[in-house]
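A short worksheet on the structure shown next.
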Amino acid sequence: YLTTTGDFDPSIAMAGTHKVYYTFTDGNGCVNTDSTDVEIDSIPDASITAAGPYCANAGVQTLTGAVNTSGTFTSTAYLTSTGDFDPSIAMAGTHKVYYTFTDGNGCTNDDSTDIQVDSIPDASITIAGPFCENIAVQTLVPAVNTGGNFAVTPYLTAAGDFDPSIAMAGTHKVYYTFTDGNGCTNTDSTDIVVDSIPDASITAAGPYCENGGVQVLTAAVNTGGTFTTTPYLTTTGDFDPSIAMAGTH
């Protein structure tokens, strides 16, 4: 670790006390040798506590020195000097981070580690509706990743069965949560519109005499609909008592 010209390599000498000798010969041929102790301090441990993988939506995480705290991390857009690591800024991928520590002897060391950030799974819901309030139960489905769960409400099951008759008319926000193989979770939502049932009431009519001639039935509120055809009734509401004959129809 020492050359004749005085080049001393601490990395070869390593930590400890090393005695070095120097010899000089003057013009008279007289020789003298002296020595001194050279102290080598060990390199401080700058290792980083293993961390991650993190999901991209996991929130800010704090990285720490594994042995020696109070060092500093090399700042980046997603990492502060104190170790605050933001996966949402780092985004999915592998990110190398660096940590520097200086001990009481003024000796400095650097170390690094890789932090893995996993992407957020797609929890989007296939667009559905609008539904009429009186139709049967409808099944909502994820747009990409099945195997998650819908947030349960009185009108929606975890499996996505949506009952418009319970939801009733209006706009209803539903939520779907999916967790992928990396343990990353995402939630998305969509609005389901339920339309009210139209008024199909019929204007009160009759009683009619069996020989009273054809009568016209009408909608009480909404015209433009159709009556169910029978031998005594047309789709437009012409009711023939002579064909219907006596009775309740």
Side-chain angles (χ1 to χ4, degrees), residues 1-124 144-145 147-148 177-188:
Y1 50 83
L2 179 65
T3 68
T4 58
T5 57
D7 293 332
F8 183 89
D9 190 336
S11 67
I12 297 176
M14 297 188 294
T17 301
H18 304 276
K19 187 174 287 294
V20 298
Y21 297 86
Y22 178 71
T23 300
F24 178 77
T25 302
D26 65 14
N28 296 315
C30 294
V31 177
N32 196 13
T33 298
D34 201 359
S35 66
T36 190
D37 290 333
V38 177
E39 181 70 26
I40 305 297
D41 294 322
S42 60
I43 304 170
D45 189 332
S47 60
I48 304 168
T49 302
Y54 299 125
C55 301
N57 60 349
V60 174
Q61 307 291 319
T62 301
L63 309 182
T64 58
V67 176
N68 292 305
T69 58
S70 77
T72 58
F73 287 88
T74 301
S75 296
T76 67
Y78 50 81
L79 179 66
T80 67
S81 61
T82 56
D84 292 332
F85 180 89
D86 191 334
S88 67
I89 297 176
M91 298 187 293
T94 301
H95 306 276
K96 189 174 286 293
V97 298
Y98 296 88
Y99 180 68
T100 301
F101 177 77
T102 301
D103 65 15
N105 296 318
C107 294
T108 298
N109 197 13
D110 301 309
D111 202 357
S112 65
T113 191
D114 289 333
I115 305 293
Q116 177 69 32
V117 177
D118 294 323
S119 59
I120 306 169
D122 190 330
S124 58
V144 178
N145 291 305
T177 300
F178 176 79
T179 302
D180 65 15
N182 294 319
C184 293
T185 298
N186 196 14
T187 298
D188 203 355

Quiz prompt | Check against side chain to side chain contact (heavy atoms under 4.5 Å, CB included), Thr23 and Val31 | solution = CA-CA 7 Å; Thr23 300; Val31 177; 3.5 Å; yes
Quiz prompt | Asp9/Asp7 under side chain to side chain contact (heavy atoms under 4.5 Å, CB included): CA gap, chis, key distance, verdict | solution = CA-CA 7 Å; Asp9 190 336; Asp7 293 332; over 6 Å; no
Self-check item: Worked check of side chain to side chain contact (heavy atoms under 4.5 Å, CB included) between Phe73 and Ile48
Solution: CA-CA 10 Å; Phe73 287 88; Ile48 304 168; 4.0 Å; yes
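Nearest heavy-atom pair across Ser81 and Ser75 is N-OG, 3.4 Å. In plain terms, the two heavy atoms of Lys96 and Tyr78 that are nearest each other are O-OH, 4.2 Å. Shortest non-hydrogen contact noted between Ile40 and Met14 is CB-O, 3.3 Å. Across all non-hydrogen atoms, the minimal contact from Pro121 to Asn186 is O-ND2, 3.0 Å.
Distance check, rounded to the nearest 0.5 Å: OG1 of Thr49 to OH of Tyr99 gives 9.0 Å. Here the straight-line distance linking atom CD1 of Ile43 with atom CG of Asp111 works out to 11.0 Å at 0.5 Å rounding. For the atom pair CD1 (Ile89) and OG1 (Thr76), the distance works out to 8.5 Å, reported to the nearest 0.5 Å. How far CG of Asn182 is from CD1 of Ile120: 12.0 Å, rounded to the nearest 0.5 Å. To the nearest 0.5 Å, atoms CG (Asp45) and CG (Asp103) are separated by 11.0 Å. Note that the OG1 atom of Thr36 and the OH atom of Tyr21 stand 10.5 Å from one another [nearest 0.5 Å].
In this pair, Phe85 and Tyr54 present their aromatic rings tilted. The plane angle is within the 30 to 60° band.
Using a 4.5 Å heavy-atom threshold, the side chains of Tyr1 and Pro10 count as separate.
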